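The structure appears right after this line, and notes come after that.
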Amino acid sequence: MRRIAVTLAFALTLGGLALAQGTIKIGVFLELSGRMAVTGNDTLYGVRVANEQQPTVNGATVELSVCDNASTPEGSVVCANRFVDEGVVAVIGSYSSSHSIPAAGVLQPAGVVMVSTGSTNPATTQVGDYIFRIPYTDQFQGAVAAQYAHNDAGASSVAIFRQQDDDYSVGLSGFFKDAFEALGGRTTVLDFTANTVDFSAQINNLRSFNPDFIYYTGFCAEAASLVPQLRQQGFTQSILGGDASDDTQCPDGGGAAFDGFTFTSFGEPEVLTGAAAERAAEFRTAFEKSYTLDHFTGFTLSGADAYKVLVQAITDAGSTDHAAIRDALANLQDFPGVSGDITYVGTDGTPANRVMGLYAYQFSGNSWTKAVLKGISLE
Amino acid sequence: MTGAGRGAAASGEHAPSASPSDAARREPLLELKGVTTHYGPIRVLRDVNMVIYPGEMVCLLGGNASGKSTTLKTVLGIVGVSQGELWFRGERADGLPTSERIARGMAVVPENRRIFPKMTVRENLEMGAYLRKPGAEFDEDLAYVLELFPRLGERLGQLGGTMSGGEQQMLAMGRALMSRPKLILMDEPSMGLAPLFVERIFEIIKQVNSRGISVFVVEQNANVALAIADRGYVLQTGEVVLSGPAGELLANEGMKRAYLGET
Amino acid sequence: MAASAVVPRRRPWALWLVVLGGLGLITWRMLYLHGVNEAFNAAFFAGAVVRSLQLGSLYALIALGYTMVYGIIRLINFAHGEVFMVGAFAAYFLFSRTPFSWPVALLVAAAIAFGVLQFLNFWRGRARDPIVLAGALVVFAVVAFALASTQLGWFWAMVASMFVTGVLGMTIDRVAYRPLRGAPRNSMLITAIAVSFFLQNFGILAFSNRQTPFRPASFFTGPLQFQVFGEPLFTSWMIVLVPSVTAVLVVALTLFVTRTRLGKAMRATAQDAETARMMGVNVDRVIATTFLLGSMLAAAAGVLWGMTFGSINQPAIFGILPGIKAFAAAVIGGIGSLPGAVVGGVLLGFLENFLTALFPRTEYFSGITEYKDTFAFLAMIVILLVRPSGIVGEDLSEKV
Amino acid sequence: MSARPGDAGGNGAGARGYRPHYLAHRVRNSLLTLGGLAVLLVVLLLVDGGASVKLKQVFALFAIWGIATVSLNLVNGVTGILSLGHHGFMLIGGYVTGLLVLPTATRDNLARSARSELSDFAMGLSVENWFRALGLDSLTTPETLWARFLVAVLIGGLMAALFGVVVGFPSLRLRGDYLAIVTFAFGEAIRLLASTPLMSSFTNGALGFAGVPSDIGKSVWWTFGFLAVTVFVMARLKYSSYGRALQGIREDEIASEAMGVNTAYHKVLAFAISAFFAGVAGGLWVSWVGTARLDLFLFFLTFYFLVAISVGGTGSITGVLLGTALVVWVRQYGDPLEQTYALSTWAVAAGLVLLAVAALAFFLRRVRRIKPDLGPVVYVPGALGLVAALVGLLGQGMPALQATWQGFGMRAITLALLLITIMILRPVGIMGRREFTWAWLFRERLDEPTEEERAQDAWLSNPALSGRAGAEREDDEVDA
Amino acid sequence: MLRLAGVNKSFGGLQAITDLSFELAEGEIVSVIGPNGAGKTTVFNLITGVYTPDSGDILFEGGSLKGLRPNAIVDRGVARTFQNLRLFTNLTVLENVLIPQHHKLRSTWVSSVFRTSGYLAQERRMHEVALEKLSFFGPRLMGFRLHQSVEVLSYANRRRTEMARAMATGAKLLLLDEPSAGMNPKETREITEIIRRMRDEGGYTILLVEHKMNLVKDISDRVIVLDYGRKLAEGAYADVVNDPAVIEAYLGKRSDKTSAVARARAADGLVAGSSVDVPGSAAGGEERS
């Protein structure tokens with residue numbers, strides 16, 4: 001009995017070695033559950049619609065291998081390992097820099113191309129030459145935000161709320177701080193960690209600084225608690241957020257306190273210019289056939305473009321060889337993406353000429369709208 | 001136990017020859033039939049047969065680790081019976097939970113008193129009557145207990161843990177009486193008490209017994225216990241090695257030698 | 001568990017000296033801060049005080065559950081934080097969802113009625129009593145109707161959530177802990193940790209893992225503004241509601257424990273379970289009651305917590321930090337002692353909230369906000385090493 | 001792996017009164033051990049050369065977690081102190097190792113980035129630099145990463161051990177669950193402190209640092225090498241006089257002290273050794289992930305180790321490794337559990353699991369007589385499971401059951417339920433305190449009497465010579 | 001060899017041991033007797049360092065044991081058994097007898113991991129000592145029993161293992177707490193013989209607490225009677241048991257029913273009104289520690 005059991009266990013272990021072989025696969029890992037689930041799913045819908053539009057490449061059907069990183073770095077590593085295992089041709093993902101960077105650490109040594117849909121921290125593409133992204137970097141976003149705070153809002157002292165355990169937030173705060181101080185302003189950084197609900201200690205610290213502008217670099221899960229608490233404790237200053245605030249969890253969770261909350265985020269059709277705007281609007285129409293427009297944001301466009309550039313690169317490379325795809329991607333020039341033209345030539349994997357939008361939440365009663373203020377592009 | 005000692009009485013169920021209230025002799029109040037118990041793999045009691053008739057006072061004697069307290073816990077249902085049967089008031093009781101056995105008329109004065117140290121004397125007494133509806137009967141019983149132990153009446157509001165050992169023993173006995181039991185089980189009521197107190201306690205036990213409440217007392221202090229008990233059992237390594245009327249046991253040579261240590 | 005804790009002998013004047021000295025230092029620090037920066041005015045510190053009290057009350061409510069369970073079965077109920085989480089989420093569903101569809105309402109009502117049946121049997125001690133059945137039927141009808149036709153206000157949501165969570169606490173005890181009575185304490189503790197993990201992940205499964213806004217329509221969440229020495233203090237009515245609800249519940253609990261028969265049985269079981277059993281106390285039932293009460297308090301704390309901060313965390317982590325801190329509060333106050341839990345909770349609330357106000361970020365000092373969460377742990381370690389019985393508790397450490 | 005307590009004395013055992021190991025058995029066992037090692041080697045070769053990167057990484061992860069669980073087992077299983085702060089020790093080892101082996105290029109990148117809070121001093125902490133300073137330039141190439149890693153992981157382990165001593169000190173004053181809570185508080189406090197300004201010049205705040213070389217942590221050979229060393233040390237320690245003393249503390253601390261064991265010293269020793277290997281595991285884990293981040297070292301880590309230890313067998317090294325394999329397998333290959341299925345499928349699955357648990361409980365109660373009373377705890381879930389399974393099977397067409405549901409968190413739920421079930425039904429775990437040895441496998445038992453001994457025993461328990469009770473008792477022993 | 005000088009110990013205001021002094025010469029077997037709750041086990045706990053005396057001193061071979069940790073006291077040469085058996089239940093008999101020798105091990109844990117020759121030699125020596133001590137009990141604990149877990153042993157064998165364990169510490173003075181509790185008469189006789197052999201062959205000095213008078217009578221050189229933490233009498237067995245005070249305290253009052261009633265009446269006043277301090281539950285509780 002005992003010996004049989006041992007033998008059986010051994011046989012089962014060997015059975016685990018069995019491998020599954022797939023066709024042309026593109027791995028997609030995103031925040032489909034957890035604290036960033038809204039954005040992650042919006043992005044995934046973009047990828048899916050793009051996939052419906054271009055289901056084949058080089059005559060082969062593209063199969064999406066979707067993996068949920070559960071909004072954790074560890075989950076991202078698990079996903080990346082799974083992709084390497086499945087032998088995917090390339091990888092799309094993910095939204096947050098905190099999740100993209102660990103996955104890039106797996107994919108770069110494995111020599112698999114990764115295109116991040118939402119990671120704006122410069123460090124992501126610095127991991128290596130196989131890592132690309134669709135959006136702008138936080139260096140740009142931080143500088144734009146600093147200019148907005150200094151010029152448009154006329155602020156001279158800014159309190160920066162920073163989520164200290166997130167790459168994106170820490171990076172963006174740093175760039176904003178540098179840019180704003182270069183403009184001659186004063187800043188203070190108030191740290192919090194993920195999942196903070198009680199901000200009274202931070203707000204205590206805010207009092208002595210008494211800023212005339214607040215910059216929030218974290219995510220909506222925390223903003224939904226922070227902003228109402230700020231308002232309730234008598235802070236009426238304008239608040240500017242980063243693209244992580246572009247999430248329905250903010251106005252849904254925080255309610256009317258978010259009235260007038262401004263944020264910079266990925267370009268939507270309204271802020272794009274020229275042919276890109278038309279392509280984006282066209283894509284929106286296609287998107288509407290499968291999903292509701294509630295799920296259409298700049299991240300959706302970004303997800304679609306991640307798919308599109310990869311298909312283009314595979315076509316250009318003419319094979320599914322990893323190195324060939326990387327080379328094709330690195331030589332991409334003026335690709336007509338739905339989020340703007342994409343050029344990787346001469347960059348570290350961040351496209352040149354990205355467009356950013358400035359938006360604001362506006363409330364009437366309990367319902368809110370996301371108003372487009374203007375588009376900003378990198379000179 | 002030597003052969004001579006064993007000869008005095010077979011373990012178990014012979015009717016006692018001398019007892020104060022012969023009227024209530026028909027039906028045993030409590031009966032252990034071949035009870036065996038284990039703590040894990042260790043057998044503590046082996047084939048124990050005992051019987052207590054209504055109105056009787058029976059004592060259980062034995063050295064340390066001979067299984068006395070285990071017998072008591074088995075009767076109460078704190079230790080399970082692994083073999084054999086336990087009957088109480090004509091009912092099979094070895095499957096019943098402790099609270100049911102208490103409700104059917106058992107009460108216990110545990111070893112070392114075990115009063116609730118952070119409850120007042122009154123609350124301790126209330127705990128004794130836990131399974132009964134509060135009401136007039138409660139006051140009646142309280143009055144009886146306070147009459148028996150006037151000292152408790154003076155200290156109704158005091159915390160149990162602050163009383164002396166003798167007072168705690170009284171409280172424990174009073175607590176047991178509060179449930180109007182048919183059978184009181186006492187575990188070493190004399191332990192750690194001054195000789196005068198021991199006698200006082202046994203006198204009260206006798207008084208209680210004379211009200212028709214059966215008493216089953218586990219003791220090391222054999223002389224005192226046998227002096228007032230009707231019958232006794234002697235336990236050794238989990239087995240009943242001697243049993244019989246108290247007088248006979250007191251006179252038994254083997255008993256003296258093995259247990260009392262007399263030469 | 002002792003409602004009337006025996007305070008060991010100590011020199012009262014030394015205690016007073018320490019207290020007065022501490023107050024003096026705090027006053028001096030407040031005056032100094034005010035001198036440094038105008039923002040640290042009376043309203044600032046008054047705000048810190050009321051928030052400390054508010055947070056402390058919440059900790060106290062949770063801590064009571066830990067301390068009751070520890071007092072009675074000497075188990076650190078690791079899952080208590082998750083019970084608190086479930087309490088908050090249950091209430092969230094009750095007040096935020098539009099009326100439930102009839103099948104769902106009937107199902108939920110049946111479950112609740114079954115719980116009521118259990119309860120009433122519980123206290124009456126007689127199963128299948130017609131009155132009990134009738135009561136359960138009435139509850140069933142009322143609950144089903146309420147769920148299907150109206151959206152509950154925060155108060156009724158809280159009451160209902162307390163009930164649901166209480167049943168959950170009892171179930172946890174019955175399924176996971178009761179089979180382990182008498183097992184080594186480590187096994188029980190490991191099981192408790194496992195239950196806590198189970199509930200966290202079950203929360204992900206059932207409530208979806210994201211931070212959830214918690215804003216029932218209520219007068220109390222509205223803003224409250226008053227003047228402290230001419231300076232405005234912005235806050236909400238929650239600073240009144242939370243301590244008052246806590247006070248009511250603590251008084252009710254104290255009355256229950258000292259006055260009722262079951263409450264006395266609870267204290268007796270805590271002091272000496274075996275003897276309590278010998279008195280005819282159904283110890284398992286008493287333990288179940290303890291879990292019921294502790295879980296109900298935790299549910300109330302969950303609702304108040306959500307209303308105070310306007311949102312509740314994702315289920316996977318919501319219970320952890322409040323749970324651990326409340327446990328620390330119970331230890332600080334003296335685990336096993338009801339007043340200890342309250343004292344410890346309020347003290348921890350002050351330690352966490354008022355200290356950050358006393359040492360805020362200034363131009364010369366980066367503040368102690370970042371260390372806030374470690375206070376509870378460090379205070380707990382220090383208390384355990386210096387005085388394991390806590391501030392008002394008695395020694396429960398294992399005897400030789 | 002065939003160590004037995006009786007073997008420790010070496011040869012000539014028979015002469016001193018205990019069972020001789022038959023030569024044939026010894027030869028057979030040695031051959032089997034060699035064979036087992038060869039099989040392991042072949043498996044590792046296959047895995048290392050195989051196509052599946054994931055399998056390779058899972059094997060490496062098993063080895064890393066194995067180091068952690070086997071080291072935690074020294075405190076939890078052997079010494080009997082419930083320690084809940086293992087993730088804290090791993091954190092220390094992980095961060096120290098990560099910082100020390102961070103390549104110069106990554107360091108420079110980090111120094112320029114806005115994300116760095118590392119002090120210049122911390123930036124300069126690099127084994128590479130030290131080797132350069134010592135003139136060991138040959139050890140600073142990418143090919144000789146192992147040399148730098150070994151130094152770093154050793155330092156990481158020692159730092160963790162130092163902290164282990166600190167955490168061990170409360171064990172002198174506290175016992176039982178109070179101590180468990182203090183270890184937990186320490187573990188959490190380490191993590192919280194690591195992100196504060198006080199420590200962030202070394203830890204780079206909560207973010208930590210990416211770019212830790214993965215070559216060692218993902219290498220099957222290195223990780224299994226470390227695991228082999230850990231198991232060797234732990235097994236030898238467990239079956240030495242020190243191990244006996246530690247087990248004595250587990251069984252009865254007061255008696256140990258009364259028997260001359262310096263319990264204070266031994267408890268701190270156990271914590272320190274355990275923390276050292278936890279630090280090593282932490283270093284390897286950081287290398288496996290490639291990033292040192294605070295959220296790698298949450299309490300859930302210790303929880304999974306606890307699951308592994310409790311399920312496998314508290315105190316048994318082989319049992320713990322078995323448990324670790326189970327936990328790693330469920331966590332890495334359990335994603336089918338978290339997919340979206342129809343409610344009917346869920347109902348059937350849940351029902352079958354409940355039924356299986358109830359059947360197991362019933363089996364253990366009836367056949368093995370493990371728990372005297374389970375009552376409704378067994379029958380109610382069993383009945384519920386049956387109902388759920390039937391509803392799921394029969395109601396496949398029902399629209400209500402066709403709704404789909406994604407099983408978020410099912411892996412953790414599975415492990416938590418497994419742990420609860422094990423704790424209730426078989427608290428000692430699958431292996432109990434036994435080790436997997438060939439002697440165990442072939443049922444060679446030293447504690448069963450030979451014919452001769454049986455006869456002697458019967459004579460000793462002869463009713464004519466001893467009391468009746470004695471006779472009964474002696475017989476009991478043999479069966480029990 | 002061992003000398004207690006005016007030792008006092010109280011627990012929470014309750015005097016458990018009052019001004020206790022006695023001496024033990026090398027090679028003696030001395031029994032401590034007294035009713036339950038008299039403080040016998042407390043005396044053992046005081047000598048072995050579980051409790052520290054409030055006042056007075058405990059000297060062993062000239063050195064004070066006061067304030068030493070229990071393990072340090074074992075190092076000095078005093079070992080004990082426990083009334084309620086504190087064996088290492090899940091370990092084997094052999095391991096149980098090896099652990100007490102650990103404090104004599106002169107190897108670091110590192111050398112024990114690498115099995116240096118020095119360590120192995122000591123380990124071999126420990127096995128020899130273990131077998132030697134176990135052989136005191138004849139074949140009862142030898143052979144297959146060596147490898148049996150203590151959990152499956154009978155009560156009597158557990159007692160024997162505990163005595164072997166105490167001997168294996170290498171102590172010169174053994175404190176045996178009720179070595180014959182739970183044993184039948186035959187086993188008791190056997191243990192009596194073994195205790196004698198332990199003194200004669202093993203050279204141990206023995207202090208024991210016992211309730212069984214046969215055993216006490218057979219082997220004690222001297223008997224010390226305790227009652228309420230006070231020494232009531234000391235001397236040869238025959239002298240002590242005939243002391244009326246001892247008979248009253250230990251054997252219980254030899255009273256018939258009438259005298260019991262009479263005495264109870266006399267005591268009644270005391271119970272109801274007077275305030276004679278009576279030792280309370282704590283002494284009994286400590287006794288069972």
Side-chain angles (χ1 to χ4, degrees), chain C residues 70 74-76 78 103 174-176 178-180 183-191 193-206 208-209 315-317 320-321 324 327-328 331 335 366-374 376-381 384-386 388 396-398 400, chain D residues 76 80-82 84 169-170 173-182 184-186 188-189 192-193 195-198 200 254 298-300 302-303 306-307 309-310 314 371 373-377 380-381 400 405-420 422-425 427:
Chain C
Y70 192 88
R74 302 287 184 273
L75 164 71
I76 296 169
F78 246 85
R174 180 69 191 86
V175 173
R178 199 160 129 193
L180 285 171
R185 290 245 218 114
N186 281 2
S187 309
M188 285 183 79
L189 195 57
I190 290 173
T191 309
I193 296 172
V195 170
S196 131
F197 256 73
F198 171 77
L199 285 177
Q200 279 169 23
N201 289 284
F202 187 77
I204 297 177
L205 197 67
S208 99
N209 196 22
I317 55 152
I320 300 175
L321 213 53
I324 296 300
F327 175 74
V331 170
I335 192 152
S366 63
I368 54 169
T369 314
E370 285 85 357
Y371 303 94
K372 196 177 79 164
D373 289 342
T374 44
F377 294 111
L378 296 180
M380 180 164 77
I381 292 171
L384 278 179
L385 289 179
V386 174
L396 287 173
S397 59
E398 290 156 83
V400 173
Chain D
N76 276 16
I81 299 169
L82 186 59
L84 301 175
F169 270 110
R173 274 188 69 100
L174 299 169
R175 295 222 171 106
D177 33 17
Y178 278 101
L179 182 56
I181 278 301
V182 166
F184 175 81
F186 265 115
E188 290 293 282
L192 291 170
L193 279 176
S195 68
T196 57
L198 189 69
S200 60
I254 290 160
L298 299 176
F299 175 65
F300 84 90
T302 299
F303 171 73
L306 274 186
V307 177
I309 290 178
S310 310
T314 312
K371 275 271 163 184
D373 177 34
L374 287 166
V377 179
V380 170
W405 201 14
Q406 186 166 6
F408 291 126
M410 278 307 282
R411 274 182 275 198
I413 289 181
T414 309
L415 287 176
L417 286 180
L418 180 69
L419 182 53
I420 297 173
I422 286 274
M423 274 299 157
I424 292 174
L425 294 181

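Because the structure is predicted, anything quoted here is derived from the model rather than measured. Note on naming: letters A, B, ... go to the chains in the order of the sequence lines (proteins, then strands), and numbering restarts at 1 for each one.
A distance of 11.5 Å separates CE in C:Met380 from OH in D:Tyr178, rounded to the nearest 0.5 Å.
Summarising the local packing, CZ of D:Phe300 is surrounded by more than 12 heavy atoms from other residues, nucleotides or ligands at distances under 6.0 Å. Environment of OH in C:Tyr371: crowded, with over 12 heavy atoms of neighbouring residues, nucleotides or ligands closer than 6.0 Å.
C:Ala194 and D:Leu419 get closest at one heavy-atom pair: CB-CD2, 3.6 Å.
Only the side chain of D:Leu174 comes within contact range of chain C, with heavy atoms under 4.5 Å apart. Contacts between C:Ile324 and chain D at a heavy-atom distance below 4.5 Å involve the side chain alone, from C-beta outward. Both the backbone and the side chain of D:Ile413 come within contact range of chain C, judged by heavy atoms closer than 4.5 Å.
Heavy-atom pairs under 4.5 Å with chain C peak, among D:Met410, D:Arg173, D:Glu188, at D:Arg173. Listed options C:Thr191, C:Ile204, C:Asn186 were ranked by heavy-atom pairs under 4.5 angstrom with chain D; first place goes to C:Asn186. Ranked by heavy-atom pairs under 4.5 Å with chain D, the list C:Leu205, C:Val195, C:Thr374 is led by C:Leu205. The candidate with the highest count of non-hydrogen atom pairs below 4.5 Å against chain C, out of D:Leu298, D:Ile181, D:Leu415, is D:Ile181. Top candidate by heavy-atom pairs under 4.5 Å with chain D, chosen from C:Leu75, C:Ile76, C:Leu189, C:Ile368, is C:Ile76.
Counting only distance, with no hydrogens or angles, the side chain of D:Ser310 and the backbone of D:Leu306 share a donor-acceptor pair below 3.5 Å.
Taking the ring centroids of C:Phe78 and D:Phe184, they lie under the 6.0 Å cut-off.
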